[in-house]
Amino acid sequence: MRIGQGYDIHPLKEGRPFILGGIEIAHTHGLDGHSDADALVHAVCDALLGAMGEGDLGKRYPSSNPAFKGLSSLTMLQDIVELLTQKGYRLVNLDTVIMAQSPKLGPHLEPMAKKLAEVLCVDVTQVNVKVKSGEGIGMIGRKEGIATQAVCLIDEM
């Protein structure tokens, strides 16, 4: 068994779609970044890559490469799931946390878990998505950005 952890943070920016956990959510601002900036999927990717000893998302999809501009984070995750299978591993479980003051994400947690489980090719009971507010403190509390964390357990097939 191997454990991996991931972390990501992106600023909020007006005029961008708000995509988190593989779903688009109506909001006045979106996450800013080179790809679609899905911070939750990025943290999941980093957790899986870390568990496999394969570096991080920036190594595999560098923001300096224009080919990755606007790329769907779910495409990146699908690629990493293929690598996981090729290396003879399976996902045991995934636990994530989103740190966000706004928008209110409670109603979207279940659809995010379902989307992640679908791409990860696991049962939704193996994926947990939760949210914590910034309590008005720091860049998250001031609604300037969103941070995410993920931890996963993988095992040999």
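- The distance from atom CG of D36 to atom CE of M76, rounded to the nearest 0.5 Å, is 6.0 Å.
- Within 6.0 Å of atom NZ in K104, 12 or fewer heavy atoms from other residues, nucleotides or ligands are found, so the atom counts as exposed in its surroundings.
- Summarising the geometry, atom CG belonging to D38 is positioned 9.5 Å from atom CG belonging to L77; distances are rounded to the nearest 0.5 Å.
- Nearest approach of R2 to M52, heavy atoms of both residues: NH2-C, 3.7 Å.
- H10 and T148 form no side-chain donor-acceptor contact under 3.5 Å, judged by distance and modelled atom types alone.
- For the pair K114 and E110, the salt-bridge criterion is met [side-chain N within less than 4.0 Å of a carboxylate O].
- Under the 4.5 Å side-chain heavy-atom criterion for grouping Ile, Leu, Val, Met, Phe, Trp and Tyr, L84 is not connected to M1 through any hydrophobic cluster.
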Which side-chain N or O atoms in residues 19-34 pair as donor and acceptor under 3.5 Å with protein atoms at least two apart or in another chain?
residue : atom : partner : partner atom : Å
H34     : ND1  : S63     : O            : 3.4
H34     : NE2  : S63     : O            : 3.3
H34     : NE2  : N65     : O            : 3.0
H34     : NE2  : K69     : N            : 3.3

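- Note that the CD1 atom of I3 and the SG atom of C152 stand 9.0 Å from one another [nearest 0.5 Å].
- Judged purely by atom type and a 3.5 angstrom limit, Q101 uses its side chain to pair as donor or acceptor with the backbone of E135.
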Exercise. May I have the step-by-step check of side-chain contact (heavy atoms from CB on, under 4.5 Å) for V127 and L120, ending in yes or no?
Key: CA-CA 9 Å; V127 176; L120 292 164; 4.2 Å; yes

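- Smallest separation of non-hydrogen atoms from G134 and I140: CA-CG2, 3.8 Å.
- Within 6.0 Å of CD on Q78 lie more than 12 heavy atoms contributed by other residues, nucleotides or ligands.
- Across V92 and Q126, no two heavy atoms sit closer than the pair O-NE2, 3.0 Å.
- Here the CE atom belonging to M139 is positioned 9.0 Å from the CD1 atom belonging to I146, to the nearest 0.5 angstrom.
- Across all their heavy atoms, G6 and D46 have their closest contact at CA-CB, 3.9 Å.
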Quiz prompt | Verdict with reasoning, L94 to T96, per side-chain contact (heavy atoms from CB on, under 4.5 Å) | solution = CA-CA 7 Å; L94 171 71; T96 67; 3.8 Å; yes

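- Enclosure of atom CG in L71 by more than 12 non-hydrogen atoms of other residues, nucleotides or ligands within 6.0 angstrom is indicated.
- Distance check, rounded to the nearest 0.5 Å: CG of N128 to CG of L109 gives 9.0 Å.
- Tracing side-chain contacts under 4.5 Å through hydrophobic residues (I, L, V, M, F, W, Y), one never reaches L153 starting from V122; they form parts of separate clusters.
- Put simply, M99 and M112 are part of two different groups of oily side chains (I, L, V, M, F, W, Y) that touch within less than 4.5 Å, one to the next.
- The shortest distance between side-chain heavy atoms of S35 and Y61 does not fall below 4.5 Å.
- If you chain together hydrophobic residues whose side chains sit under 4.5 Å apart, L83 and Y89 fall into the same group.
- A salt bridge links K130 with D95: at least one charged nitrogen is closer than 4.0 Å to a carboxylate oxygen.
- Look at E54 and K87 and you find a salt bridge, because one of the NZ, NE, NH1 or NH2 atoms lies within 4.0 Å of a carboxylate O, short of that distance.
- In terms of heavy atoms, A37 sits closest to H42 at CA-CE1, 3.9 Å.
- Cluster annotation: V41 is connected to F18 through the hydrophobic network of ILVMFWY side chains, with a link wherever side-chain heavy atoms come within less than 4.5 Å.
- Here the shortest heavy-atom pairing between K115 and L74 reads CD-CD1, 4.0 Å.
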Practice problem: Begin from the C-alpha positions of R60 and D79 and carry the test salt bridge (Lys or Arg N to Asp or Glu O under 4.0 Å) through to its verdict. | Solution: CA-CA 10 Å; R60 196 165 182 88; D79 173 55; 2.8 Å; yes

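- Considering OG of S73 and CG of L57, their distance stands at 7.5 Å, rounded to 0.5 Å.
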